[in-house]
K.L.:
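Questions regarding the structure given below will be posed in turn.
Along the sequence shown, residues are numbered consecutively beginning with 1.
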Amino acid sequence: MTADNASPPPPEDAAARLRAAVKAVESGERPASSFFAEPARPAARPARPAPPGPRARPARTAAPVPVPEGLPALLAAGGAPEALAGAVAAALGEGAERELRDDPWRLLAVPGVRPEAADGFARATLGAEAGPGDERRTRALAVWLLERAALAGHTAVAADDIAKGLAGQAVPEPDEAVRDAVESGAVLVFRDAVEAQAGGGRAAGDDEEAAPVRLLLGLDRYALAEESLADGLSRLRGTFEPLTDEAAAAWETAAGGAPSPSAAALLRAAAGHAVVVHTGGAAARAEPAALLAAARSLGLRACAAAHSRDGRRALAALLPDDGADAAVTVAGLLAGEEGPARDAEGMLPLDLLAVLDAGQLPAEAAASLVEALPDGARLVLSGDPALLGAAGPGQVLADVLGADFGPHIASRTPDEGPVGELVSGVGVGELLQPEAPGREVVIVPVRDPGEAVHRAVQLVADSIPRAFGRSGAEIQVVTPGHAGPVGTRALNTALKERLNPGPGRFGGFDPGDRVAHSPAPGRVRPATVTGADAQGLWLEDADGRFVVPVDEVGETVRHGWALTAHQAAGSRWPAAVVVLPGDADGIVDRSWVYTAFSRAAQHLSVVQGSGPGLAAAVAGPPAPPRETRLRTLLREQLAASAPAAT
């Protein structure tokens, strides 16, 4: 079994099957009444007609890049499938054919293509000219290694590690290849002070040669994102104006009426600082909500952005009725679909922005947010450092916190109930046995994968609904990966067979199926299938109905009774079933367990097949930190802005 951050491969020809099914109805070959009939077991929420307005429209997507005329033939001649032409054109643009003829290893820029496939294509097109030390190959491999590191969350990698990776790909002179990749501009190189990365720092003006350094390599997009983010955060600090006596008194009055000491501390920190870090568990979300309500009551333009739609709804529920519209998602705010409209200069008219789930914020999204904040605005980064990190490269919350770039308010509000007690213990490396008189926490030991799947299905379909009155839509299964006998694929197959059997009439889906829509990496929107038509697959969640265009169904929609912990991050359910298979050792660590267990708001069932592996994972270290440059960049900004010593 392997952990998998990304979505699993799409069902074979899912979009084609959906298109064919819709066409059969439209042509009269199949009666629409039977095609769109509800299954024998109805969905928890009845289907409604599509409402007018933006929710009923297909999502906006970029126009596909036209496939150059000779590209399919070129791919076929090189032994690559002609069907890859669309992906190649999307990755390389309209000049894809010319680029591949000049440099066949550019094929590595296509997601999913591995070095052995690119080598085979190069040998077929170049013949004996395609050697392992070809500079085109070594440059492409250096970029590929950095892209792979980015998938694991790193924005930079030590030059020595890239050299080792090149050696593993049979590059004859890896150190020279690294030098060539830098000199050619394929990758960027940075000098990183060892003391700064480790936390020691050094004063501005110290002898640069005396400080041990290491070389880091990176890709320009992530380097620019972190540099832009560091500059933007420094701009906010530099343009922040001290409070007048009157404003300070108003903030103090608001802090005095805060619902908790931690909320009061957050209000006081935000009153006097441009950048504030706030950390805590699920219950601590009430504190940025209190800050948002107070800021708006003081006349400030303020809003808060959560990672997921579920997080946005939970935040809105904590706000006064007249402030619920101040809760948005990060993606919606950046896309201009939620929150205040940007001004003529493209800036967000905000005096305060609180970002919840900031640990899920990758560097590029964070840079875009900060770039859009006007001078003098306040930014509060609120999140739980114990959770798994962002789906994209970067560790913004940890780096801003580690650089001491602003005051840090650590919440003292504990998560409630037995589940909260269990999760809090996991966060500090202890696997507790909380008192659970209402069976809020249940451990279900299993011996093998087959029994694990059986018990998980039984819990979702029968035990939890019967004991706690929870419907299937209120129960989420969480497992370490997509593949394997207890991965999301196997669990979703078993859960569909039990909860909503059907032929998969809409590209593998039936009305009533629970699905996960992933419009972009790291964004998962749980929903329920309601039907399909010529526009695509219609889904529904608490925000209403929306359609996924036919051509996007196969790539972006999966069954969603079972998710990975990465997919589930940012959302919570009344009940969760966490499946820990026996082969999870080495995959599951403390951060994974903490994230998976904390998806449950009231009830947690743990299908435990890992034996002592669970306790070992909790007692072991959390997920290792990512390799980034933001912390060093922020420290350099602080050193540069510090008053000169007298």
Side-chain angles (χ1 to χ4, degrees), residues 1 41-44 310 417-423 426 431-482 484-501 512-516 526 528 558-565 567-569 571-584 588 592-611 613-614 617:
M1 184 171 188
R41 184 183 296 271
D310 179 72
V419 175
E421 182 182 352
L422 173 65
V423 170
V426 171
L431 188 61
L432 306 175
Q433 293 184 342
E435 293 290 334
R439 294 180 61 79
E440 293 88 350
V441 177
V442 175
I443 307 298
V444 183
V446 294
R447 293 162 295 183
D448 55 58
E451 186 181 5
V453 172
H454 172 75
R455 295 306 298 271
V457 172
Q458 184 182 51
L459 285 164
V460 174
D462 180 55
S463 302
I464 295 176
R466 176 164 41 83
F468 302 100
R470 296 296 182 184
S471 68
E474 296 177 301
I475 308 168
Q476 184 60 53
V477 178
V478 182
T479 193
H482 293 299
V486 195
T488 61
R489 299 187 189 102
L491 283 164
N492 277 317
T493 297
L495 286 161
K496 175 172 173 55
E497 182 178 349
R498 175 70 181 273
L499 297 173
N500 196 40
D513 278 357
R514 282 184 64 186
V515 295
T528 301
R558 307 285 183 271
H559 284 110
W561 286 283
L563 300 173
T564 66
Q567 291 178 312
S571 297
R572 299 181 83 209
W573 291 264
V577 176
V578 175
V579 182
L580 287 164
D583 61 352
V588 168
W592 190 95
V593 176
Y594 184 92
T595 303
F597 284 10
S598 59
R599 297 313 89 201
Q602 285 99 33
H603 173 81
L604 172 67
S605 285
V606 181
V607 179
Q608 160 65 310
S610 63
L614 173 58

K.L.:
To the nearest 0.5 Å, what is the distance between CG on Leu563 and OG1 on Thr479?
P.N.:
10.5 Å

K.L.:
Consider side chain to side chain contact (heavy atoms under 4.5 Å, CB included). Of Val478, Val423, Val419, which one does Phe597 pass it with?
P.N.:
Val423

K.L.:
Drop me the distance from Gln602's CD to Phe468's CZ, to the nearest 0.5 angstrom.
P.N.:
10.5 Å

K.L.:
Do the side chain of Asp448 and the main chain of Gly450 share a donor and acceptor less than 3.5 angstrom apart?
P.N.:
yes

K.L.:
Does Gln458 reach the main-chain N or O of His454 with its side chain, forming a donor-acceptor pair under 3.5 Å?
P.N.:
no

K.L.:
Are Pro581 and Ser610 packed together at the side-chain level, in the sense that at least one heavy-atom pair is separated by less than 4.5 angstrom?
P.N.:
no

K.L.:
Using 0.5 Å steps for rounding, measure from the CD atom of Gln567 to the CZ atom of Arg599.
P.N.:
13.0 Å

K.L.:
Looking only at non-hydrogen atoms, find the nearest pair between Ala565 and Thr595 and report the distance.
P.N.:
O-CG2, 3.8 Å

K.L.:
If I take atom CG from residue Leu604 and atom CH2 from residue Trp573, how far apart are they, to the nearest 0.5 angstrom?
P.N.:
13.0 Å

K.L.:
Hey, does the side chain of Arg439 reach the backbone of His603 with a donor-acceptor pair shorter than 3.5 angstrom?
P.N.:
no

K.L.:
So how far is it from Trp561 CH2 to Ile475 CD1, rounded to the nearest 0.5 Å?
P.N.:
13.0 Å

K.L.:
Flag the pair Asp310 and Arg572 as a salt bridge only when some basic side-chain nitrogen lies within less than 4.0 angstrom of an acidic carboxylate oxygen.
P.N.:
no

K.L.:
Just checking, is any N or O donor in the side chain of Arg455 or Gln608 under 3.5 Å from an acceptor N or O on the other one?
P.N.:
no

K.L.:
List the atom of Leu499, the atom of Ala461, and the distance in Å for their closest heavy-atom pair.
P.N.:
CD2-CB, 3.7 Å

K.L.:
Search all heavy atoms of Gly484 against all heavy atoms of Ala490 and return the closest pair with its distance.
P.N.:
O-CB, 3.8 Å

K.L.:
Answer yes or no: is there a side-chain heavy-atom contact under 4.5 Å between Pro501 and Arg498?
P.N.:
no

K.L.:
Taking the side chain as C-beta and beyond, is there a heavy-atom pair between Arg514 and His559 under 4.5 Å?
P.N.:
no

K.L.:
Any side-chain to backbone donor/acceptor pair from Glu497 onto Ala494? Under 3.5 Å, distance only.
P.N.:
no

K.L.:
Under the side chain to side chain contact (heavy atoms under 4.5 Å, CB included) test against Leu422, which residue among Leu431, Val606, Val593 passes?
P.N.:
Leu431

K.L.:
Is the shortest heavy-atom distance from the side chain of Leu580 to the side chain of Val607 under 4.5 Å?
P.N.:
no

K.L.:
As an exercise, state the distance from CG of Asn500 to CG of Asp513, rounded to the nearest 0.5 Å.
P.N.:
4.5 Å

K.L.:
So which heavy atom on Val453 is nearest to which on Pro485, and how close?
P.N.:
CG2-O, 3.4 Å

K.L.:
Please report the shortest heavy-atom distance between Pro465 and Leu459, naming the atom on each side.
P.N.:
CD-O, 3.5 Å

K.L.:
Do Trp592 and Val578 have side chains that approach each other closer than 4.5 Å (heavy atoms only, starting at C-beta)?
P.N.:
yes

K.L.:
With the side chain counted from C-beta on, respond yes when Ile464 and Ser605 share a heavy-atom pair under 4.5 Å apart, and no when they do not.
P.N.:
yes

K.L.:
Which pair of heavy atoms, one from Pro434 and one from Val441, lies closest together, and at what distance?
P.N.:
CG-CG2, 4.4 Å

